[in-house]
Protein chains: 2
Amino acid sequence: MNIYDIAELAGVSIATVSRVVNDSPKVSEKTKEKVRRIMEEHHYTPNVFARGLGLNSMKTVGIICPDVSDAYMASAVAHLEKSLRCYGYDCILYCSGYAYEDKVEAVSLILQKRIDALILVGSNYAGDGGDQATEYIRSAAREIPVFLLNGYVRAPEVYCILADNYQAVYDAVTDLIEDGRKRILFLHDSTSYSALEKLRGYEEALGDNGFPVPDELKVFVRNNIEMVQSRLQEIFREKMPDFDAVVASDDGLAVGAVKYVRSKNLRIPEDVSIIGYNNSELSICCEPELSSIDSRGKELCETAVEYMMHYLSGHPIRHKKVVPCRLVKRNTTNF
Amino acid sequence: MNIYDIAELAGVSIATVSRVVNDSPKVSEKTKEKVRRIMEEHHYTPNVFARGLGLNSMKTVGIICPDVSDAYMASAVAHLEKSLRCYGYDCILYCSGYAYEDKVEAVSLILQKRIDALILVGSNYAGDGGDQATEYIRSAAREIPVFLLNGYVRAPEVYCILADNYQAVYDAVTDLIEDGRKRILFLHDSTSYSALEKLRGYEEALGDNGFPVPDELKVFVRNNIEMVQSRLQEIFREKMPDFDAVVASDDGLAVGAVKYVRSKNLRIPEDVSIIGYNNSELSICCEPELSSIDSRGKELCETAVEYMMHYLSGHPIRHKKVVPCRLVKRNTTNF
DNA sequence: CTGAAAGCGCTAACAG
DNA sequence: CTGTTAGCGCTTTCAG
C-alpha cells in the first residue's frame, strides 16, 4: 500500500496525499478529511525510506555512549530517548566502548546513517580536551550538529551540556572541612573532562581553605568495589588509615571505601565521612547509605534535547550550558 | 558526492560502482581496486536512504524495552547492540514504559520504521500470556519477525529465547530445603511470564519436598529496597520474623530483605539464608554479599541475535530456545 | 486548492 | 565482466 494506491482510492493526485500526510495548510479540509479516512481504512503508513531520500532526514538522532550497561549512561540514554521521542525523533544507539579507536569508529559509522544530530554521552569522548584527541568530534561536527553530554570540546557546531562537577566537589570538600575534617581522600577512576573537573574542585577547595594537597590522598583506581577495597588495603597496609573523609567521583568507588572503612572497624560518619557521586541505586544499597552528589542526569538530558530541537528548527544556540549539581545527604556524612 | 560522481570519476557505470560497494564477485579485481580508490579519496559513503528504498531494508533492528535505566535491561540492550553490530546491524531503541497501551503504541510506532526485526526485551511484553493481551505481538509478527527475550508467546513468527527461571528457582529452593530450611519466603514483584515461572519453581519445589505452600510466605511487593523493608516490617510487626530463608525474584528485593533481616539482628546466613536474582551489581554491594541466580543475560542476548541472523538469512529456526541459569554463591547462603 | 512531472541515490534485471 | 534502464515511494517545484 503506497501513496499511489491511496491517491487512486481517494480520487486525488499523489501530491495531494503527500500534502495531507504532511498536514500542509494548502489542502481543503474536505479533501484532507477524505484522504485521511482512506489512509486510516487501509492502515497506510508512508515509507520512511522514500521520505528519507527526499528530505535527506529520517528524524533520527544517533546516541553514542561507551557502555549502556553502566548505570549512569543507561539512565542518560533512557532520558534522552524519552525526550527525543516527545519531539518525534527516533534514536539509534551505538555502544562504542572506551578505546579511542573504537570511539572514532563509532562516530564514523553512525555518521553514515545520515542522522540529524549526534549525542555523545559522558565525558569520555572529550578526553582531556587535547586538540588531537578530539579531532574526530570536530570533524563529525562539520557534517551534523554534535551534542556532548557532560563533555566539553570547543569547536563550531559542537554543543556542550555539562553538570557543574567542579563546583559540586568544591562545595562538598568545603563542607567537609567546615565539619572539621582534616584529611580528605579523593577517589577517582578517569581522566575524562568531568573527572578532571571534579579533581580540580577537590584541589582548589583544599587550597582555598589553606590545606595542602598531598598526592597520597588522591587515589586513582578502577571503578570496582573489590578493587577499591584491595587498593586501599594495599596503600594503608597494617597501619590505620589516616584519612577522616572520602569524596569519590562515583558511587561505586564510594561503596568500596565504605566497605574498606568498615572492615577497619571505623565508624561512618563519626570517624570517616563519605560522599559518593551520581546518586545511583548503589548509594542506598550499601550500609550505611551513601551521601551522594546528584549530577542531575535527567535535567542534563532534557536540556540537551531542548537545545537540539531549538537548533534543528533553525535557531542559534549557545555552545555551552551548565547545570548545577546537588548533594543528597544520607547517612555517611553528618553535616 | 553520489554514485554518479564516483562512476564518472572512475570512468565506469553506476552499476559497476554499486557492485563494488556491495562487493559483488562479478567485477574484476582491477576495476574494484580503481573504484575503491576513488571512493576512498572522495570519502564516498552510499546513501542509506536510497539503498533502503531499493532493498526495503536498512539493516536495522528495533529494540523495545520498558525502561533502559533498569540494570537488567540496560545490560541486555548492551549485549544485543554489540552482537547485532557484529553482523552489521544497527539498533533503534524504544523505551516503552510498562503500561499496556504504551507498549502497544511502541510496537506500532517502531514498525513504521521498516526495521528488519523486532526484539522485545523482558517478559513484560508477554504478560501472563493471555491471548488478548498479546495480540499486538502476534500482529507485529505478521509483518516482521519478533524475538522475545525472556518472554513467551506462542505464535507464528515470534521466537522466544528464555532463561530457565523455573528450574533455577526450583533448584535454589530445593538446595535451601536440603540445607535444613523450613520456612522459605518468596519475594516477587511482577506477573510477567518469567515472574510466573519463578513462582511456579518455588511452589513446585516446596510441594515436591512435601512442604505446604503458605500464602503468607509469598510476598508481592514493589522492587524498591525501602518498600521491601517496610513491607516486611508491616507483615511481621513486633513478632520475630518466622522465616529462615528468602528467595527473591530480583536482587533489589533481596537487598531489601537483607536490610530488614539485619535490622532484626538476625544473622545471615546462619539465621536466614538469602538468594537474589540477576547477579547484578547490587548483589556485591550489600552487606553481606548476596548469593544470586545469574539469568545469563549475555548468553540469552547472543543466542537471540544468532537466531535472528540465522532466520534473516533464510533458514528456519525453532520457536523457543531455553538457556539454563546458574546460582552464584556468595555470603548469604551457606551451602 | 490541486495535478503533472522531475528528481532523490541506489539496486537489479536485462542485454551485451 | 560491464553498461543501460526501470523502478523503489515520496517531496517539491511549477503550472494551472
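Below, read A as the first sequence line, B as the second, and so on, with proteins coming before strands; counting in each chain starts at 1.
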Point to revise | Candidate nucleotides D/dT2, D/dG9, C/dC10, ranked by approach to the side chain of B/Thr31 - the nearest | key: D/dT2
Point to revise | Candidates D/dC1, D/dT11, D/dG3 - which lies nearest the side chain of B/Ser28 | key: D/dC1
Review point. Start at the 5' end of DNA chain C and walk down; is the nucleotide closest to A/Gly54 or to A/Gly11 reached first?
Key: A/Gly11
Check your understanding: Rounded to the Å, how far apart are A/Asn22 CG and D/dG9 P?
Key -> 17 Å
Revision key, fill the gap. Rounded to whole Å, CD of A/Glu33 lies from C1' of C/dC1 at a distance of 16 Å
Review point. Which heavy atom of B/Leu53 sits nearest a heavy atom of A/Phe49, and at what distance?
Key: N-CB, 3.6 Å
Check your understanding: In whole angstroms, how far is the P atom of D/dT11 from the CG atom of A/Asp23?
Key -> 13 Å
Check your understanding: Side chain of B/Tyr4, base of C/dC10: donor and acceptor closer than 3.5 Å?
Key -> yes
Point to revise | Between P of C/dT2 and CD1 of A/Ile6, the distance in whole Å | key: 17 Å
**Study point:** Proximal nucleotide (of D/dT11, C/dG3, C/dC10) relative to the A/Thr16 side chain
**Key:** C/dG3
Check your understanding: Closest to the A/Asn47 side chain: C/dT2, D/dC1, D/dC10?
Key -> D/dC10
**Study point:** Whole angstrom value for the distance that separates P of D/dC8 from CG of A/Asp5
**Key:** 11 Å
Check your understanding: Tell me the side-chain hydrogen bond (donor to acceptor under 3.5 Å, both in side chains) pairs involving residues 301-313 of chain B, sequence neighbours left out?
Key -> B/Glu157-B/Tyr311
Review point. Do A/Asn150 and A/Tyr72 get their side chains close enough for a donor-acceptor pair, meaning under 3.5 Å?
Key: yes
Point to revise | Integer-rounded Å distance: D/dC10 P and A/Met58 CE | key: 14 Å
Practice item. Mark yes or no for a side-chain to base donor-acceptor pair under 3.5 Å between B/Arg19 and D/dG3, with no hydrogen or angle criteria applied. Key: yes
Check your understanding: Within this structure, what is the NZ-to-C1' distance between A/Lys30 and C/dT2, rounded to whole angstrom?
Key -> 14 Å
Check your understanding: Any idea how A/His319 and A/Tyr159 line up, ring-wise: parallel (<30°), tilted (30 to 60°), or perpendicular (>60°)?
Key -> parallel
Check your understanding: Between D/dT4, D/dT11, C/dT11, which one does the side chain of B/Ser18 approach most closely?
Key -> C/dT11
Practice item. Among D/dG9, C/dC10, D/dT12, find the nucleotide with the atom closest to the side chain of A/Leu53. Key: D/dG9
Review point. Nearest to the side chain of A/Val12, which nucleotide is it out of C/dG3, C/dC10, C/dT2?
Key: C/dG3
Review point. Can you tell which of D/dT4, C/dA4, C/dC1 lies closest to the side chain of B/Ser13?
Key: D/dT4
Check your understanding: In whole angstrom, what separates B/Lys26's NZ from C/dA12's P?
Key -> 10 Å
Review point. Can you check whether A/Thr60 reaches B/Ile92 side chain to side chain, under 4.5 Å on heavy atoms?
Key: no
Point to revise | Candidate nucleotides C/dC10, D/dT4, D/dT11, ranked by approach to the side chain of A/Ile14 - the nearest | key: D/dT11
Exercise for review: For a side chain to side chain contact (heavy atoms under 4.5 Å, CB included) with A/Val68, tell me which candidate from A/Leu93, A/Val121, A/Ile63 qualifies.
Suggested key: A/Leu93
Practice item. Mind checking A/Asn56 for me? I need base, sugar-phosphate or nothing, with any heavy atom below 4.0 Å counting as a touch. Key: nothing
Exercise for review: Measure from the side chain of A/Leu55, starting at C-beta and using heavy atoms only, and say which of D/dT5, D/dT12, C/dT2 lies closest.
Suggested key: D/dT12
